[in-house]
Participant: 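Have a look at this one before I ask anything.
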Protein chains: 2
Amino acid sequence: MENTLFDYLSKYIKLTHNEKKAIIDLDIFKQFKKGTLILRKGQFSDYGYFVIKGCLRCYYIIDGNEKNTAFYTEAESFEPVCKIDKKASEYFVSCVEDSILVVANSEMEKSIFEKFPKFETLCRILTEELLIKSKSEFDNFKTSSPEQRYLTMLQKRPDLIQRVPQHQLASFLGVKPQSLSRLRARILKKK
Amino acid sequence: MENTLFDYLSKYIKLTHNEKKAIIDLDIFKQFKKGTLILRKGQFSDYGYFVIKGCLRCYYIIDGNEKNTAFYTEAESFEPVCKIDKKASEYFVSCVEDSILVVANSEMEKSIFEKFPKFETLCRILTEELLIKSKSEFDNFKTSSPEQRYLTMLQKRPDLIQRVPQHQLASFLGVKPQSLSRLRARILKKK
DNA sequence: ACAAAACGTTCACTTAAGTTAAGAAATGAA
DNA sequence: TTCATTTCTTAACTTAAGTGAACGTTTTGT
């Protein structure tokens, strides 16, 4: 369980046995059942999440309809907007599957930064990397048609098509479920 | 000139006179003429930018057409993807107007982090904030129609409509210039 | 095992965006 | 100022997405 986390972190810094122990002692590994709501609209939360195993879904409810904007799977992390904003959350986050997550709040972060300053460097670098990745994805979304976006997802995140219902992927790709269905039929016909 | 930077930073930390001097001594304020290319496709760069005055435009050239994905104005910052990726840049960044920018590379960052560790905390927090803002904007883009996006821009970034040509705003809003023109006519008719 | 709910596809119709082209308006350089 | 270029708008036509509904399949809970 810890391995997913430490393997991921080892790309950035080497951790001593003591440092690893300090992390484990924080008791940050939590299990959640499929369907569990991690975050609700209107809620305030200063917890951040890292997916060890499973899949999280971020969605808005707009005019009574769910609009999915993000899916987080193994070795991906996310911090709710409300954490920094200090406003109530605009969206929900739920578990698409039974999941194991690393869960940490600001207080825990602060205490570990004080004990091991290099964790702050780590967090800064990880966040910079996420920001960059986020820009790439946004740019790619803006410059592609729904059909191209679907083809890109087939290449870059083929697992999502298996684990997530089509009608949830639709809004993630910026279209309605019927359009996604049609678009897939169109692609099949072309081949 | 420094004021734009220090006013902005004062929201996050208090800087001593010494710390401010250390920043100014880095000689990071640079002027650029309208049209100057700050970053080219294919280029490697480890510089980050903060806009004191002016406007930057990030664009791709896809099938010979410019696709604009971001505009940066006063008190906004950006780091090129290639800085962390270590791959060649996929896009161009140019000055929409005569601009004054804070320009710093990784080496300068590193030296200032060593002298004043609290700058690293500052950078971590600023980056977290940018990431959160970026997620909000992406979510908003995904869950809106082009018409709604234009109306949102009218509210949130009305200055852009004045400073940036319409045909550049079009791809930023995810449509062709003709569609933006039509969409604006449609809005006027409704009122 | 069964009924209910959720899911995916298809269809007909509507609405909006893409495409191509033409012309008017604004901008900039000589 | 004039001429050329760029920018913006309009229009006619094409293509794709939105909408509402139907239908069969799969999944879920009891």
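Throughout, protein chains are lettered first and strands after them, A, B, ... in sequence-line order, and every chain is numbered starting at 1. Everything numeric here is computed off the predicted structure, so don't read it as measured data.
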Participant: Examine C:dA17: is either OP1 or OP2 under 4.0 Å from a nitrogen or oxygen in the side chain of B:S179? Give yes or no.
Facilitator: no

Participant: Rounded to the nearest Å, what distance is computed from the CD atom of residue B:Q148 to the P atom of nucleotide D:dG18?
Facilitator: 12 Å

Participant: If I take atom CD in residue B:Q168 and atom P in nucleotide D:dT6, what distance separates them, rounded to the nearest angstrom?
Facilitator: 13 Å

Participant: Rounding to a whole Å, what distance do you find between B:K34:NZ and D:dT6:P?
Facilitator: 13 Å

Participant: Could you work out which one of C:dG28, D:dT10, D:dG20 sits closest to the side chain of A:Q178?
Facilitator: D:dG20

Participant: To the nearest Å, give me how far apart CG (B:L173) and P (C:dG18) are.
Facilitator: 11 Å

Participant: For B:D46, does its backbone N or O pair with a side-chain atom of B:N105 as donor and acceptor, under 3.5 Å?
Facilitator: no

Participant: A:E97 has an atom CD; how far is it from atom P of D:dT28, in whole Å?
Facilitator: 12 Å

Participant: Taking only side-chain nitrogens and oxygens of A:R184, does any of them come within less than 4.0 Å of OP1 or OP2 of C:dT9?
Facilitator: yes

Participant: Looking at the side chain of A:H167, which of D:dT7, C:dC7, D:dA17 is the nearest nucleotide?
Facilitator: C:dC7

Participant: Rounded to the nearest angstrom, tell me the gap between atom CD1 in B:I187 and atom P in D:dT9.
Facilitator: 12 Å

Participant: Do the side-chain N or O atoms of B:R186 get closer than 4.0 angstrom to the phosphate oxygens (OP1, OP2) of C:dA17?
Facilitator: yes

Participant: Kindly confirm or rule out a cation-pi arrangement of A:R157 over A:F71, judged by NZ or CZ under 6.0 Å from the six-membered ring centre and within 45° of its axis?
Facilitator: no

Participant: Tell me whether the NZ or CZ atom of B:K41 lies within the 45° cone about the ring axis of B:Y91 and under 6.0 Å from its centre.
Facilitator: no

Participant: In terms of the angle between their ring planes, are B:F141 and A:F141 parallel, tilted or perpendicular, with boundaries placed at 30° and 60°?
Facilitator: perpendicular

Participant: Is A:R182 side chain donor-acceptor paired with the C:dG8 base, going by distance under 3.5 Å alone?
Facilitator: no

Participant: Pick the nucleotide of DNA chain C nearest each of B:S145 and A:L180; which residue has the one closer to the 5' end?
Facilitator: A:L180

Participant: Flag this pair as yes if the NZ/CZ of A:K142 is under 6.0 angstrom from the six-membered ring centre of A:F138 and inside a 45 degree cone about the axis; otherwise no.
Facilitator: yes

Participant: Name the closest nucleotide to the B:S181 side chain, picking from C:dA17, D:dC8, C:dT10.
Facilitator: D:dC8

Participant: CG of B:N65 versus C1' of D:dT6: gap in Å, rounded?
Facilitator: 15 Å

Participant: I need the CD-C1' distance between A:Q166 and D:dG24, as an integer number of Å.
Facilitator: 17 Å

Participant: Quick check on D:dA16: is either OP1 or OP2 less than 4.0 Å from any side-chain nitrogen or oxygen of A:K176?
Facilitator: no

